[in-house]
> 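Sharing a structure here in structure tokens format.
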Amino acid sequence: MRVLIVFNHPYEGSYCHAVLGSVMKGLLSNDHEVDLIHLDNDEFDPVMRSKDLKAFVSARTQPQESAELLDPQVQDYKVRLQRAEHIIFIFPIWWELMPALTKGFIDKVIFPGIAYDYNEHGTRMLCKLSELRGVTMITTMNTPGFAYRLIFGNAIKKAVLTGTFWKMGVKNRRWVNLTYVKFCKERKRKKWLSDIQRSMARLT
């Protein structure tokens with residue numbers, strides 16, 4: 001299976017980098033084809049600028065003109081996204097949501113004409129990612145899981161898996177949330193990595 005990983009963490013010593021290593025090992029052990037987008041290393045520009053919003057507005061009625069306004073980097077990500085059979089997002093939760101680069105990727109790449117179109121009345125999204133079978137989101141956070149669920153309402157799940165991919169019609173959506181990471185014992189962190197590696201090896 002062709003798996004696209006969208007990774008966002010600037011610090012190489014982070015636990016997110018360890019998670020990325022386990023994901024890669026698991027996928028490669030079962031001969032999946034892995035394509036890694038490392039947003040930090042790519043120096044991705046997450047800001048929606050005037051031309052990006054112009055492209056957004058014109059995507060439905062003037063698709064060619066809209067596409068020509070996109071950054072070359074977004075054009076590259078578009079090709080890689082449209083090849084993917086599974087997408088895996090890996091990032092930390094900061095202040096209850098994703099870092100800026102991940103948010104920018106969703107804003108600028110999960111975009112009309114790239115990831116979805118609208119029906120003829122413009123009232124419903126239609127997924128353009130014809131190869132896509134599912135989306136997995138793996139996050140790390142220092143907040144306890146029960147607090148994130150009860151106080152913050154699992155905000156990241158609602159923003160990404162429901163507010164983005166459910167609206168697009170992607171049925172297979174999974175969230176792996178590693179909580180209270182900073183305060184966990186090393187044994188538990190190692191077990192998480194082992195579990196993730198096994199899970200990725202079984203990805204279908």
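Below, each value reflects all heavy atoms present in this structure, side chains not excepted, and no hydrogens, waters or symmetry copies.
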> Can you tell if the side chain of Asp52 reaches within under 4.5 Å of the side chain of Lys108, non-hydrogen atoms only?
yes

> Within the structure provided, determine whether Val135 and Val160 are in side-chain contact (heavy-atom separation under 4.5 Å).
no

> More than 12 non-hydrogen atoms from neighbouring residues, nucleotides or ligands closer than 6.0 Å to CD on Glu43, yes or no?
no

> Hey, could you give me the OG/NZ distance between Ser22 and Lys190, rounded to the nearest 0.5 Å?
12.0 Å

> Say you draw a straight line from CZ of Phe111 to CE of Met48; how long is it, rounded to the nearest 0.5 Å?
5.0 Å

> Measuring from His86:NE2 to Ile5:CD1, what's the distance to the nearest 0.5 Å?
10.0 Å

> Is it true that a side-chain atom of Glu65 and a backbone atom of Ala59 form a donor plus acceptor pair closer than 3.5 Å?
no

> As a quick check of understanding, evaluate ring-ring contact (aromatic ring centres under 6.0 Å, His included) for His17 and Phe7, giving each step before the final call.
CA-CA 9 Å; His17 274 79; Phe7 179 81; 4.8 Å; yes

> Does Val6 belong to the same Ile/Leu/Val/Met/Phe/Trp/Tyr cluster as Leu97, with side-chain heavy atoms less than 4.5 Å apart forming each link?
yes

> Measuring from Leu20:CG to Lys25:NZ, what's the distance to the nearest 0.5 Å?
10.5 Å

> Answer with yes or no whether the hydrophobic clustering places Tyr180 together with Val19; edges join I, L, V, M, F, W, Y residues whose side-chain heavy atoms lie under 4.5 Å apart.
no

> Consider only side-chain heavy atoms of I, L, V, M, F, W and Y, link residues closer than 4.5 Å, and tell whether Trp175 and Leu178 are in one cluster.
no

> Taking the side chain as everything from C-beta on, heavy atoms only, tell me whether Arg133 gets closer than 4.5 Å to Val170.
no

> Decide, yes or no, whether a salt bridge links Glu131 with Arg2 under the criterion of side-chain N to carboxylate O below 4.0 Å.
yes

> If we ignore hydrogens and angles and just use 3.5 Å, is the side chain of Asn8 paired with the main-chain N or O of Phe91 as donor and acceptor?
no

> Could you tell me if the side chain of Ile88 sits less than 4.5 Å from the side chain of Leu27, heavy atoms only?
yes

> If hydrophobic clusters are built from ILVMFWY residues whose side chains come within less than 4.5 Å, do Ile90 and Leu4 share one?
no

> Does Ala115 offer a backbone N or O that forms a donor-acceptor pair with the side chain of Gln82 under 3.5 Å?
no

> Indicate yes or no: at least one non-hydrogen side-chain atom of Arg60 is less than 4.5 angstrom from one of Asp117.
no

> Is the side chain of Arg189 donor-acceptor paired with the backbone N or O of Val181 at a distance under 3.5 Å, no angle test?
yes

> Taking atom types as modelled, is there a side-chain donor on Tyr77 or Asp42 under 3.5 Å from an acceptor on the other?
yes

> Counting neighbours of CH2 on Trp166 that are heavy atoms of other residues, nucleotides or ligands and sit closer than 6.0 Å, is the number greater than 12?
no

> With a 3.5 Å distance limit and no angle check, can you tell me whether Asn41 reaches the backbone of His38 through a side-chain donor-acceptor pair?
no

> Using modelled atom types only, decide if a donor and an acceptor are shared between the side chain of Asn142 and the backbone of Lys182 within a distance under 3.5 Å.
yes

> Sub-3.5 Å donor-acceptor pair from the side chain of Lys54 to the main-chain atoms of Arg49, do we have one?
no

> If only atom types and distance count, is the side chain of Asp71 paired as donor or acceptor with the main-chain N or O of Gln73 below 3.5 Å?
no

> Report the distance from atom OG of Ser130 to atom CD of Glu85, rounding to the nearest 0.5 Å.
10.0 Å

> Taking everything shown except Phe183 itself, do over 12 heavy atoms lie less than 6.0 Å from its CZ?
yes

> CG of Asn119 to CE of Met125: how many Å apart, nearest 0.5 Å?
11.0 Å

> Indicate yes or no: at least one non-hydrogen side-chain atom of Leu28 is less than 4.5 angstrom from one of Val34.
yes

> Are Trp94 and Met141 connected, step by step, through hydrophobic side chains (Ile, Leu, Val, Met, Phe, Trp, Tyr) whose heavy atoms are closer than 4.5 Å?
no

> Whether the Arg173 and Thr164 side chains hold a donor-acceptor pair (N or O, under 3.5 Å, no angle test) is what I'd like checked.
no

> So, for His9 and Tyr15, is the gap between ring centers shorter than 6.0 Å?
no

> Please confirm whether the backbone N or O of Ala55 pairs with a side-chain atom of Ser66, one donor and one acceptor, at under 3.5 Å?
yes

> Please answer whether the main-chain N or O of Ile156 pairs with a side-chain N or O of Tyr148 as donor and acceptor at a distance below 3.5 Å.
yes

> Check this for me, if you would: do Asp195 and Arg198 make a salt bridge, where the nitrogen-to-carboxylate-oxygen distance has to be below 4.0 angstrom?
yes

> With the threshold set at 4.0 Å, does a side-chain nitrogen-carboxylate oxygen contact exist between Glu68 and Lys51?
no

> Do Pro92 and Thr140 come close enough that some side-chain heavy atom pair is under 4.5 Å?
yes

